Amino acid sequence: MSFRSFMDQALDAATAAAARGEVPVGAVIVDPAGQVVAVAGNRTREICDPTGHAEILAIRAACAAAGSERLVGYDLYVTLEPCAMCAAAIAAARIGRLYYGASDPKSGGVAQGARVFSHPQSHHCPEIYDGIAAAEAEAMLKAFFAQRRG
């Protein structure tokens, strides 16, 4: 089976999040058969919930669709390097592969900062692929924050 990226859908979810006034991060979860089972963008402000990150919302929706707390063999595409909270949720869900766009030197939890998957307490480490559509994701984030500061 050939590789197909779903980062375009994650970028669309990030664009929708920005339009709602949320930090533009989008996530897509794909099942082992290659079907999209969840798409989400950040909603922390909308739902008044600090856990309303795109990854968490997508994991919740995918688990509900699967009828399981585990997503073994599933892929997660997210526009920004997951934070420590989201990385811990990815490990708990046993997601098989993580694809992310822009790195996050300030709040990242995968290659930056906490490096959640490298801790002995992490029960699972997905295959990790970074830099997918990183330029587009980074440009979207920079534009969003520039507009808010301006």
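All values below were derived from every heavy atom in this structure, side-chain atoms included, with hydrogens, water molecules and symmetry-related copies excluded. Predicted model, so just to flag it, every value in this text is computed and none were measured.
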Enquirer: Do you know which of I95, V78, I128 makes side chain to side chain contact (heavy atoms under 4.5 Å, CB included) with I90?
Expert: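 By the side chain to side chain contact (heavy atoms under 4.5 Å, CB included) criterion, I90 pairs with just one of I95, V78, I128: I95.
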Enquirer: Any chance CD of E127 has more than 12 other-residue heavy atoms, nucleotides or ligands included, within less than 6.0 Å?
Expert: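 Correct, the count exceeds 12.
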Enquirer: From Y77 OH over to I132 CD1, what is the distance, rounded to the nearest 0.5 angstrom?
Expert: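 Y77 OH to I132 CD1: 7.5 Å, rounded to 0.5 Å.
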Enquirer: For a side-chain contact (heavy atoms from CB on, under 4.5 Å) check, start with the C-alpha distance between F144 and R148, then their side-chain angles and the critical distance, and finish with the verdict.
Expert: CA-CA 6 Å; F144 176 82; R148 294 188 67 92; 3.2 Å; yes
Enquirer: Where is the tightest heavy-atom contact between E55 and L76, given as atom of each residue plus distance?
Expert: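 Nearest pair, atom of E55 first, then L76: CG-CD2, 4.3 Å.
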Enquirer: With a 3.5 Å cut-off and sequence neighbours excluded, list the donor-acceptor pairs that the side chains of residues 36-45 form with protein atoms.
Expert:
residue : atom : partner : partner atom : Å
N42     : OD1  : A54     : N            : 2.8
N42     : ND2  : V23     : O            : 3.2
R43     : NH1  : E46     : OE1          : 2.4
R43     : NH1  : E46     : OE2          : 3.1
T44     : OG1  : E22     : OE1          : 3.2

Enquirer: Taking the side chain as C-beta and beyond, is there a heavy-atom pair between L71 and C63 under 4.5 Å?
Expert: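 Result yes, sub-4.5 Å side-chain heavy-atom pair found.
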Enquirer: Are any non-hydrogen side-chain atoms of M85 and T51 less than 4.5 angstrom apart?
Expert: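 Answer yes - side chains close enough.
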Enquirer: Could you give the distance from CD (Q112) to CG (D104), rounded to the nearest 0.5 Å?
Expert: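 With rounding to 0.5 Å, CD (Q112) is 7.5 Å from CG (D104).
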Enquirer: Show the nearest heavy-atom pair for residues C86 and I56, with the distance to one decimal.
Expert: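 Scanning both residues, the minimum pair turns out to be SG-CG1, 3.8 Å.
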Enquirer: Which pairs with one or both residues in residues 103-129 pass ring-ring contact (aromatic ring centres under 6.0 Å, His included), sequence neighbours excluded?
Expert: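 The answer is Y99-Y129.
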Enquirer: If you measure from NE2 on H53 to CD1 on I59, what distance do you get to the nearest 0.5 Å?
Expert: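 The distance works out to 12.0 Å.
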Enquirer: Would you name the heavy atoms of A13 and G26 that are closest together and state the gap between them?
Expert: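 Nearest pair, atom of A13 first, then G26: CB-CA, 3.9 Å.
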Enquirer: Between M140 and L80, is the side-chain contact (heavy atoms from CB on, under 4.5 Å) condition met? List the steps.
Expert: CA-CA 11 Å; M140 189 181 306; L80 181 65; over 6 Å; no
Enquirer: Determine, stepwise, if the pair V30 / Y74 fulfils side-chain contact (heavy atoms from CB on, under 4.5 Å).
Expert: CA-CA 6 Å; V30 180; Y74 286 64; over 6 Å; no
Enquirer: Would a distance-only check, ignoring hydrogens and angles, find a side-chain to backbone donor-acceptor pair under 3.5 Å from T15 to L11?
Expert: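 Yes; at least one donor-acceptor contact below 3.5 Å.
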Enquirer: State the CG-OG1 distance between D12 and T79, to the nearest 0.5 angstrom.
Expert: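 Going from CG on D12 over to OG1 on T79, the span is 11.0 Å.
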Enquirer: What's the spacing between S103 OG and E138 CD if we round to 0.5 Å?
Expert: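 Result: 7.0 Å between the selected atoms.
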Enquirer: Just by modelled atom types, is the A92 backbone N or O under 3.5 Å from a matching donor or acceptor in the R94 side chain?
Expert: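 Such a contact is found between R94 side chain and A92 backbone.
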Enquirer: Specify the closest pair of heavy atoms between G52 and L57, including all atoms of both residues, with the distance to one decimal.
Expert: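 Scanning both residues completely, I find the closest heavy atoms to be O-CD1, 3.5 Å.
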Enquirer: Run the side-chain contact (heavy atoms from CB on, under 4.5 Å) check on V116 and V110 step by step: do they pass?
Expert: CA-CA 6 Å; V116 170; V110 176; over 6 Å; no
Enquirer: Are Y100 and I29 connected into the same hydrophobic cluster when the rule is that any two of I, L, V, M, F, W, Y join if their side-chain heavy atoms are below 4.5 Å apart?
Expert: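 I29 clusters together with Y100.
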